[in-house]
Amino acid sequence: MNLTEEEMSQQVSAHPNTYYDPYLNPHLFDGVRKKRIFACVIDVIAITVLSGIAYFVVGFLGILTLGLAWLLFPAIWPLVALAYTAFSLGGYNSATPGMRAFGLEMRLQNGGRPYPLYAAIHVLLFYFSVTILSPFVLIVSLFSDQKRLLHDIVLGAVIMNSPVDSLHR
């Protein structure tokens with residue numbers, strides 16, 4: 001059953017809890033776990049490239065500022081990753097470029113789109129949970145009907161196949 005974007009938004013706003021039910025709409029969650037892994041790899045590569053550019057710029061600025069800008073080196077990777085996720089996941093598409101490549105998007109439990117602060121909190125909670133709990137945060141998805149990770153459950157986020165993307169297949 002293919003819905004137009006307008007029909008999908010009406011259905012979500014009318015019944016957000018039933019729309020994200022994996023038993024009523026299993027096509028939204030088919031292959032999500034595997035797609036999230038590959039999307040994460042693409043996003044890490046993109047963050048690495050952007051960080052490399054930022055390292056080069058800060059290195060050059062360090063020469064101009066007699067080494068003062070080099071104090072930013074330890075913060076480059078976390079700041080680039082935070083900005084990348086906050087503005088892509090919290091943007092109009094509700095997905096990072098890696099997620100868009102695999103047809104995924106994030107929605108809030110109530111059907112809304114995430115905003116940049118929410119996306120930043122989401123990624124920070126992911127980094128902290130992976131650091132503290134290591135792979136156990138990923139094992140949660142094996143027992144979740146919606147294939148959600150621990151930080152998704154805590155924040156009320158749903159990662160699913162993009163219904164709009166499925167219209168073009």
Side-chain angles (χ1 to χ4, degrees), residues 1-48 77-78 80-169:
M1 173 171 102
N2 287 336
L3 301 173
T4 66
E5 186 173 2
E6 182 178 325
E7 292 170 339
M8 190 236 1
S9 65
Q10 289 173 354
Q11 184 179 0
V12 170
S13 62
H15 307 286
N17 291 334
T18 59
Y19 184 75
Y20 297 127
D21 187 344
Y23 299 110
L24 296 177
N25 294 310
H27 63 281
L28 291 177
F29 302 99
D30 288 339
V32 167
R33 190 179 308 117
K34 179 175 56 173
K35 290 177 184 180
R36 280 184 84 172
I37 291 169
F38 291 121
C40 183
V41 170
I42 289 175
D43 290 332
V44 166
I45 291 169
I47 291 169
T48 302
W77 174 269
V80 168
L82 186 64
Y84 176 88
T85 306
F87 293 113
S88 62
L89 191 57
Y92 176 75
N93 292 316
S94 303
T96 63
M99 291 170 66
R100 281 197 309 264
F102 287 96
L104 296 173
E105 71 177 42
M106 176 193 273
R107 292 298 176 119
L108 306 180
Q109 192 68 37
N110 65 5
R113 294 182 181 271
Y115 43 91
L117 180 61
Y118 183 91
I121 292 169
H122 185 266
V123 74
L124 286 173
L125 191 58
F126 170 72
Y127 289 142
F128 290 134
S129 64
V130 167
T131 302
I132 295 170
L133 300 173
S134 65
F136 295 117
V137 71
L138 304 175
I139 292 174
V140 172
S141 75
L142 297 174
F143 302 104
S144 170
D145 292 339
Q146 295 173 327
K147 297 173 178 71
R148 295 163 65 185
L149 300 176
L150 184 61
H151 62 287
D152 298 333
I153 294 169
V154 169
L155 289 175
V158 178
I159 308 294
M160 61 183 189
N161 292 317
S162 177
V164 176
D165 187 51
S166 65
L167 292 175
H168 304 291
R169 291 183 187 177

Check for me whether Arg36 meets the cation-pi criterion with Phe102, that is, NZ or CZ under 6.0 Å from the six-membered ring centre and within 45 degrees of the ring axis. no
Atom [atom1] in [X], atom [atom2] in [Y]: separation rounded to 0.5 Å?
X: Leu150; Y: Ser144; atom1: CG; atom2: OG; result: 10.5 Å
X: Leu24; Y: His27; atom1: CG; atom2: NE2; result: 10.5 Å
X: Glu105; Y: Ser94; atom1: CD; atom2: OG; result: 6.0 Å
X: Lys35; Y: Met160; atom1: NZ; atom2: CE; result: 12.0 Å
X: Gln146; Y: Asp152; atom1: CD; atom2: CG; result: 9.5 Å
X: Asp43; Y: Thr85; atom1: CG; atom2: OG1; result: 7.0 Å

For the student: nearest non-hydrogen atoms of [X] and [Y], plus distance:
X: Val140; Y: Leu149; result: CG1-C, 4.3 Å
X: Leu89; Y: Ala119; result: CB-CB, 3.8 Å
X: Ala46; Y: Tyr84; result: CB-OH, 3.6 Å
X: Arg113; Y: Tyr92; result: NH1-O, 2.9 Å
X: Tyr118; Y: Leu155; result: OH-O, 2.7 Å
X: Arg100; Y: Ala95; result: NH1-O, 3.2 Å

For atom CZ of Phe38, decide whether the heavy atoms of other residues, nucleotides or ligands shown that lie under 6.0 angstrom number more than 12. no
With a 4.5 Å cut-off on side-chain heavy atoms, are Arg33 and Leu142 touching? yes
Does any non-hydrogen side-chain atom of Leu104 lie less than 4.5 Å from one of Asn161? yes
